[in-house]
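Structure record follows, encoded as C-alpha cells.
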Amino acid sequence: MVMILSIALNLYYKGKNGAAKMFVEEMEKSGLADRARNKDGNEGYEYFYSVRDKETILLVERWKDDDALHFHHNSEDMKNQAKLKDKYELTLEIKRYVTENN
C-alpha cells in the first residue's frame with residue numbers, strides 16, 4: 001500500500017495599521033512568494049484577506065510531503081521572509097493539516 005501525504009499550512013499574519021497587507025505586497029513584489037510557489041513539491045501558496053479583521057492576512061500553503069516543506073523552511077528565501085515579518089512587526093499563528101491518501 002502506497003501512502004501519499006499532503007501537508008497544508010494556514011499561516012495567520014497579524015499586524016497593526018495595515019502592516020500585514022504591506023508585508024504581502026512586499027512578498028509579491030520581491031518575488032519571494034513566486035519563488036515559494038515554484039519550489040519542487042509546492043502545491044499551493046495563496047494569500048487571503050479577512051473580511052472581518054483587516055489586520056489579519058491568511059496564507060494557505062500546500063506541500064506534497066514533509067521533505068518538500070523541510071526544504072522550503074531551510075531555504076534562504078525563508079530567512080528573508082522572516083526578516084520581512086519582523087520588519088512589519090507581525091505575529092504569526094500556524095495551523096498544520098496532514099492528509100493521507102492510499
Under the ring-ring contact (aromatic ring centres under 6.0 Å, His included) rule, what pairs show up with a residue in residues 59-78, not counting sequence neighbours?
-> W63-H72
Salt bridge (Lys or Arg N to Asp or Glu O under 4.0 Å) with R35: which residues, sequence neighbours excluded?
-> D77
side-chain contact (heavy atoms from CB on, under 4.5 Å) partners of K95, counting only residues at least two apart = N10, Y12, E93, Y97
Hey, could you give me the CD1/CG distance between I57 and L11, rounded to the nearest 0.5 Å?
-> 12.5 Å
Separation of Y49 OH from E55 CD (nearest 0.5 Å) | 12.0 Å
Please tell me if the side chains of S6 and E43 come closer than 4.5 Å, counting only heavy atoms from C-beta onward.
-> yes
Compare all side-chain heavy atoms of Y45 with those of K39 and state whether any distance is below 4.5 angstrom.
-> no
Partners of S50 by side-chain hydrogen bond (donor to acceptor under 3.5 Å, both in side chains), sequence neighbours excluded?
-> none
Not counting sequence neighbours, which residues clear salt bridge (Lys or Arg N to Asp or Glu O under 4.0 Å) with R37? List them please.
-> E28, D34, E46
Under the 4.5 Å side-chain heavy-atom rule for ILVMFWY, direct or indirect, which residues accompany V51?
-> none
Considering all heavy atoms, the nearest N42-G44 contact = OD1-N, 3.1 Å
Same hydrophobic cluster for I7 and L58, using side-chain heavy-atom links shorter than 4.5 Å among ILVMFWY?
-> no
D53: what forms a side-chain hydrogen bond (donor to acceptor under 3.5 Å, both in side chains) with it, not counting sequence neighbours?
-> T56
Looking at CG of D67 and CG of D40, how far apart are the two atoms once the value is rounded to the nearest 0.5 Å?
-> 11.5 Å
Answer whether the closest heavy-atom distance between the side chains of N80 and K83 falls below 4.5 Å.
-> yes
Applying salt bridge (Lys or Arg N to Asp or Glu O under 4.0 Å), name anything that partners K54, two or more places apart in sequence or on another chain.
-> none
Sorted by chain and residue number, the salt bridge (Lys or Arg N to Asp or Glu O under 4.0 Å) partners of D66 (sequence neighbours excluded) come out as R96
Value for CG (L92) from NZ (K14), rounded to nearest 0.5 Å, stands at 10.0 Å
May I ask you to list the residues sharing a hydrophobic cluster with M78, side-chain cutoff 4.5 Å, ordered by chain and number?
-> none
Scanning both residues in full, the closest heavy-atom pair of G41 with A68 reads CA-CB, 3.7 Å
Could you list the donor-acceptor pairs under 3.5 angstrom formed by side chains in residues 16-26, with sequence neighbours left out?
residue	atom	partner	partner atom	Å
E26	OE1	K87	NZ	3.0
E26	OE1	Y88	OH	2.4
E26	OE2	K87	NZ	3.4

Spatial distance of atom CG (N74) from atom NZ (K79) [nearest 0.5 Å] | 8.0 Å
So if you build clusters from Ile, Leu, Val, Met, Phe, Trp, Tyr with side-chain heavy-atom gaps below 4.5 Å, do I94 and V60 land together?
-> no
